[in-house]
> 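Can you read through this structure? Questions will come right after.
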Protein chains: 2
Amino acid sequence: MRLSKRGEYGLRAMIMMAETPSPDAPLPMVQIKEIALREQISAKFLEQILLTLKNAGLLHSKMGVGGGYYLARPSKEITLGQIFRVLDGPVAPIKCVSQMAYEPCGCPDEQTCGLRLVMGDVRNAIADILDNTSLADVTKRQSTLRKKLGIKS
Amino acid sequence: MRLSKRGEYGLRAMIMMAETPSPDAPLPMVQIKEIALREQISAKFLEQILLTLKNAGLLHSKMGVGGGYYLARPSKEITLGQIFRVLDGPVAPIKCVSQMAYEPCGCPDEQTCGLRLVMGDVRNAIADILDNTSLADVTKRQSTLRKKLGIKS
DNA sequence: GAAAAGCCTAGTTGTATTATAGACTTTATT
DNA sequence: AATAAAGTCTATAATACAACTAGGCTTTTC
């Protein structure tokens, strides 16, 4: 039940972009190499991930000198579920309970298959969390926690 | 976020064994080839899986003619979480929130890492379901549903 | 026109999953 | 005692996928 590195890096990058305060600049842009440096990730690998996210409509970018990436929408309108699905595919642990990519799993009677019932619950529990947590929720939670712990950042 | 075939087959087999009514026999024994046939699985692959489950103490077996496998404990004392962990390892999507196999994941400040916070929630949600669902719960749920749908079996 | 950024696709490497094979042990039956 | 039916155990093949690496292309700014 693992999150892939693609998923992990992509989620981290998106959270970082949501965190980046937009000072004077019209757009809070962040560059691949900056993220790669801060997260200690291969820049080339991250590049692919951000490109995927961009092609999925979650990020926008600006080419050329002074360019970079920025969130396609306000951080409260982008959920972790959206990001996760783009990078790691369906949330469901087994295809026969997937909303995104249903496929029969070959049990004799799907309607009363016990495994399917339980895995359906698991799917829903995961999706509930990921689809109801926006990037804004994450950054808010982080800063609340930092304040509580008295950490400057 | 996928369940492996090992995990799927193992869980199915365990559910099937819990389902098998123990008629007169002292032990409700089931044979590899019977499970393989009913679930349309490679018998050799299933063999490895059941052996793993046996070595983990979840199954007992009897060798020789008329032998087979049976649950090591009553079905209400075996949880899906136990089975899952034996076959698929930790439930946590990311190591830094694993109870079973913690490992730092390399974020600058783990204590306030947003991804970690959310993945911790996901881990807990999954573990809550799997650790609180016993094989007996599954078979009960199946039979209730069958009755409700008027399916004989 | 050169440098700095992102865009895009293909290829490589390593590892885990899935499955297969086969020789061995135990038990029941005849 | 011999045979057949079952599980035990280990090795290995085949495949797939994840995680990267590489390199050329395009756009933008100065």
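These values consider heavy atoms only, across backbone and side chains, with no hydrogens, waters or symmetry-generated copies. Here is the naming used below: chain letters follow the sequence lines, and residue numbers restart at 1 for every chain.
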> Output yes when at least one side-chain N/O atom of S42(B) is less than 4.0 Å from OP1 or OP2 of dT20(C), else no.
yes
> Between dA19(C), dT8(D), dT21(D), which one does the side chain of K44(A) approach most closely?
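Comparing dA19(C), dT8(D), dT21(D) against the side chain of K44(A), the answer is dT21(D).
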> What integer distance in Å separates I49(B):CD1 from dT8(D):C1'?
15 Å
> Nearest-Å distance, NZ (K5(A)) to C1' (dT13(C))?
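So the two atoms are 17 Å apart, to the nearest Å.
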> Could you check how far CD of E8(B) sits from C1' of dT17(C), rounded to whole Å?
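Atom-to-atom, E8(B) to dT17(C), this comes out as 13 Å.
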> Compare side-chain N and O positions of K62(A) against OP1 and OP2 of dT27(D) and report whether any pair is under 4.0 Å apart.
no
> Specify the separation, in whole Å, of atom CZ of F45(B) and atom C1' of dA14(D).
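Taking atom C1' of dA14(D) as the reference, CZ of F45(B) is at 13 Å.
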> Taking D88(B) for the side chain and S4(B) for the main chain, is one N or O donor matched with an acceptor at less than 3.5 Å?
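Such a contact is found between D88(B) side chain and S4(B) backbone.
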> dA16(C) P sits how many Å from R6(B) CZ, rounded?
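Nearest whole value for this atom pair: 13 Å.
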> For residues 98-110 of chain A, dump all side-chain donor-acceptor pairs below 3.5 Å to protein atoms at least two apart in sequence or in another chain.
| from | atom 1 | to | atom 2 | distance (Å) |
| --- | --- | --- | --- | --- |
| S98(A) | OG | M100(A) | N | 3.3 |
| S98(A) | OG | A101(A) | N | 2.8 |
| Y102(A) | OH | E110(A) | OE1 | 3.1 |
| Y102(A) | OH | E110(A) | OE2 | 2.8 |
| D109(A) | OD1 | Q111(A) | N | 3.2 |
| D109(A) | OD2 | T112(A) | OG1 | 3.0 |

> For L51(A) and dT27(D), give me the distance from atom CG to atom C1', rounded to whole Å.
14 Å
> Is there a side-chain contact between S4(B) and the phosphate of dA16(C), meaning an N or O under 4.0 Å from OP1 or OP2?
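For dA16(C), neither OP1 nor OP2 has a side-chain N or O of S4(B) closer than 4.0 Å.
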> Remember a base hit wins even if backbone is also touched, and classify N55(B) as base, sugar-phosphate or nothing at under 4.0 Å, heavy atoms.
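Answer is sugar-phosphate: N55(B) comes under 4.0 Å of backbone atoms only.
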> Would you indicate which nucleotide in dA19(C), dG7(D), dC7(C) comes nearest to any side-chain atom of M63(B)?
dG7(D)
> For DNA chain D, find the residues of residues 30-39 of chain A with a heavy-atom distance under 4.0 Å and give them by number; none if there aren't any.
none
> What donor-acceptor contacts under 3.5 angstrom involve side-chain atoms of residues 6-18 of chain B, with partners at least two apart or in another chain?
| from | atom 1 | to | atom 2 | distance (Å) |
| --- | --- | --- | --- | --- |
| R6(B) | NH1 | L87(B) | O | 2.8 |
| E8(B) | OE2 | R12(B) | NE | 3.3 |
| E8(B) | OE2 | R12(B) | NH2 | 3.0 |

> So does T79(B) get a backbone contact from the side chain of D131(B), meaning a donor-acceptor N/O pair under 3.5 Å?
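Checking the backbone N and O of T79(B) against the side chain of D131(B), no donor-acceptor pair under 3.5 Å is found.
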> What integer distance in Å separates E47(B):CD from dC24(C):P?
15 Å
> For a quick test of reading the model, state the closest non-hydrogen atom pair linking E34(A) to V30(A) and the distance between them.
OE1-CG1, 3.9 Å
> By nearest atom, which of the nucleotides dT18(C), dG23(D), dC20(D) is closest to the Y9(A) side chain?
dC20(D)
> Both G66(A) and S61(B) contact DNA chain D. Which one's nearest nucleotide lies toward the 5' end?
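Closest to the 5' end, via its nearest nucleotide, is S61(B).
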> Heavy atoms from C-beta onward define the side chain here; which of dC8(C), dA4(C), dT21(D) lies closest to that of Q48(A)?
dT21(D)
> Going by atom types alone, do N55(B) and T52(B) pair a side-chain donor with an acceptor below 3.5 Å?
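Note: N55(B) and T52(B) side chains miss the donor-acceptor criterion.
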> For L46(B) and dT8(D), give me the distance from atom CG to atom P, rounded to whole Å.
12 Å
> If you only use heavy atoms from C-beta on, which nucleotide in dT8(D), dT28(D), dA5(D) is closest to the side chain of V65(B)?
dA5(D)
> Would you say the side-chain atoms of D137(A) pair up with the backbone N or O of S134(A), donor to acceptor, closer than 3.5 Å?
yes
> Is the backbone N or O of C96(B) less than 3.5 Å from a side-chain atom of R116(B), with the two atoms forming a donor-acceptor pair by type?
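Flag set: sc R116(B) to bb C96(B) pair under 3.5 Å.
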